[in-house]
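Written out below as C-alpha cells is the structure these notes cover.
In listed order, ligands and their atoms are each counted from 1. We're numbering straight along the sequence, starting at 1.
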Amino acid sequence: MSATLIKGKPIAERIRAQVAEDVAAIGHIGLVTVLVGDDPASDVYIRLKHKAAVAAGIDATDLRLPEETTESELLAKVEELDADPQVDAILVQLPLPKQIDEAKVIRALAPAKDVDGFHPINAGQLYLGEPTLVPATPRGVMAMLAEHEVELSGAHAVVIGRSAIVGKPMAHLLLQQNATVTICHSRTKDLARHTLGADVLVAAVGVPGMVTPDMVKPGGVVIDVGINRTDDGIVGDVDPGAADVAGHLTPVPGGVGPMTIACLLENAVRCARYRRGELAYPA
Ligand code: GUN
C-alpha cells in the first residue's frame with residue numbers, strides 16, 4: 001500500500017469538540033430525529049447520530065413511529081415540530097416506508113430547521129453557491145480534502161453517483177472550489193475512461209468494491225462514501241487494492257462515516273443560530 005489514508009475520526013473529533021463548545025455557548029439546541037419503521041440500517045444510523053448529539057450536549061429526541069404510519073400522520077408530526085420553539089433542528093431518516101412520499105415530507109420541513117439540507121430551498125441555495133444548510137456527508141468529504149490540502153482548483157473531480165443526499169451536493173461543492181466536475185451514474189458508458197482521469201474520485205453508489213484498482217488514476221485522491229454491509233463486514237464502494245495506486249484514500253470504516261455525523265451536528269448548530277437570529281436564513 002502506498003496511499004496516505006485520510007482518516008475521518010480525528011477530524012470528526014475536532015469538529016465534535018467545537019460543536020460541544022458552541023452548544024455550551026448557545027445554551028440549548030433541540031434536535032429531533034424521526035425514524036419511521038424499523039429498518040435495521042436506519043436504526044444503526046439513528047442510534048449513532050443520537051449518541052453523538054447527546055455527547056455534544058444537544059438536547060436530542062429519538063422519535064420512533066410505526067412502519068404503518070400514514071403520510072398525513074407524518075406530515076402532521078413534521079408540522080408540529082416545525083412550530084415547536086424548543087426544536088431547532090429536524091431530521092427525518094430516509095428511506096421512508098413506501099406509502100409515504102419522501103419529497104412531500106422533505107418539503108414540509110421548515111427550511112431553517114432542515115438539518116440534513118434536503119429541502120428544495122436549501123438544495124437551491126447550494127446550487128447558487130449561497131451559504132445554507134448543506135448535506136452532511138458531502139460537507140464531511142470537503143473537510144477531509146481541506147485537511148489534507150488537496151488542490152481542487154482546476155482539478156478534475158469525478159463523482160460516481162447522483163443521489164440528492166451525496167452525489168449532487170458533492171458535485172456542487174467541488175464546483176464551488178473550482179474543480180472541473182464530472183458526474184457518473186448507472187447509465188454512464190465506459191466508467192473507467194472517466195475515473196482514470198480523476199485527480200479526485202468520489203464513489204457514492206452503494207456497490208461493494210465497484211471501483212477497482214485499474215480504474216484509479218495513479219497518485220489520485222480517492223474518497224469512498226460507500227457503507228455496505230456484507231458477509232465480510234462493512235466494506236466501501238472502493239476495492240481496498242486501490243491503495244496500491246491512489247495517492248490518498250479514505251478507509252471504510254473510519255473514513256467518511258464519522259465525518260457525516262460530525263457535520264450533521266455542525267448543521268444543528270447552524271439551525272440553532274438561524275432560530276436565534278444570530279445568522280440570517282438566506283431564503
Ligand atoms: N439516509 C441515508 N443517509 C441519510 C442522511 O444523511 N440523512 C437522512 N435523513 N437519511 C439518510
Side-chain angles (χ1 to χ4, degrees), residues 8 12 15 31-53 58 60-65 67 69 71 74-75 77-78 81-82 87-98 100-123 126 132-144 159 161-173 202-207 223-229 234 236-237 252-253 255-268 270-271:
I15 293 172
L31 165 69
V32 178
T33 60
V34 183
L35 175 56
V36 184
D38 38 31
D39 175 71
S42 293
D43 177 63
V44 171
Y45 292 135
I46 284 292
R47 278 172 199 272
L48 289 171
K49 290 171 185 176
H50 198 260
K51 197 171 150 203
I58 291 173
T61 304
D62 181 358
L63 184 64
R64 305 284 177 130
L65 298 174
E67 179 77 28
T69 301
E71 185 178 281
L74 181 58
L75 288 170
K77 177 49 78 177
V78 167
L81 296 171
D82 285 347
V87 176
D88 295 287
I90 308 166
L91 180 150
V92 179
Q93 186 67 22
L94 305 177
L96 289 166
K98 58 183 180 324
I100 301 176
D101 180 345
E102 283 182 1
K104 246 191 204 174
V105 174
I106 289 167
R107 276 169 208 274
L109 292 164
K113 292 189 178 187
D114 167 34
V115 71
D116 273 315
F118 293 167
H119 191 285
I121 289 181
N122 290 320
L126 172 61
T132 192
L133 289 159
V134 175
T137 300
R139 253 166 45 73
V141 171
M142 294 307 284
M144 295 171 103
V159 179
R162 54 177 157 178
S163 72
I165 296 179
V166 183
K168 284 180 188 156
M170 186 77 252
H172 281 293
L173 290 173
V202 181
V205 264
V207 178
I223 306 289
D224 190 350
V225 180
I227 300 179
N228 306 293
R229 279 150 231 279
I234 291 183
D237 290 348
V252 175
V256 176
M259 294 299 292
T260 294
I261 293 178
C263 290
L264 180 75
L265 302 183
E266 274 191 328
N267 276 357
R270 180 173 273 270
C271 290

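Residue Val92 places a heavy atom under 4.0 Å from ligand 1.
Atom 1 (N) of ligand 1 has its closest protein heavy atom at Leu94 O, 2.9 Å. Protein heavy atom closest to atom 11 (C) of ligand 1, with residue, atom name and distance, is Gln93 NE2, 3.4 Å.
Checked against a 3.5 angstrom limit, the closest N/O atoms of Pro95 and ligand 1 fall outside it. Among the atoms of Asp116, some N or O lies under 3.5 angstrom from an N or O of ligand 1.
Residue pairs that meet the side chain to side chain donor-acceptor pair (under 3.5 Å) test with at least one member in residues 102-111, sequence neighbours left out, are Glu71-Lys104.
For atom 3 (N) of ligand 1, the nearest non-hydrogen atom from the set Ile261, Ile227, Val34, Ile165 belongs to Ile165.
Side-chain contact between Ile121 and Asp114 is absent, with no heavy-atom pair separated by less than 4.5 Å. Residues Ile106 and Leu94 are in side-chain contact: their nearest non-hydrogen atoms beyond the backbone lie under 4.5 Å apart. Between Asp43 and Asp38 the shortest side-chain heavy-atom distance does not fall below 4.5 Å.
Numbered from 1 in the order shown, with element, the atoms of ligand 1 that lie under 4.0 Å from a heavy atom of Phe118 read 5 (C), 7 (N), 8 (C), 9 (N). When each atom of ligand 1 is checked for a heavy atom of Leu91 under 4.0 Å away, the hits are 9 (N). Those atoms of ligand 1 that come under 4.0 Å of a heavy atom in Lys49, given as number and element, are 5 (C), 7 (N).
By the ring pair (Phe, Tyr, Trp, His ring centres under 6.0 Å) test, His172 pairs with Tyr127, sequence neighbours left out.
Between the side chains of Asp116 and Asn267, no donor-acceptor pair of N or O atoms lies under 3.5 Å.
Between the side chain of Lys113 and the backbone N or O of Leu81 there is at least one donor-acceptor pair closer than 3.5 Å.
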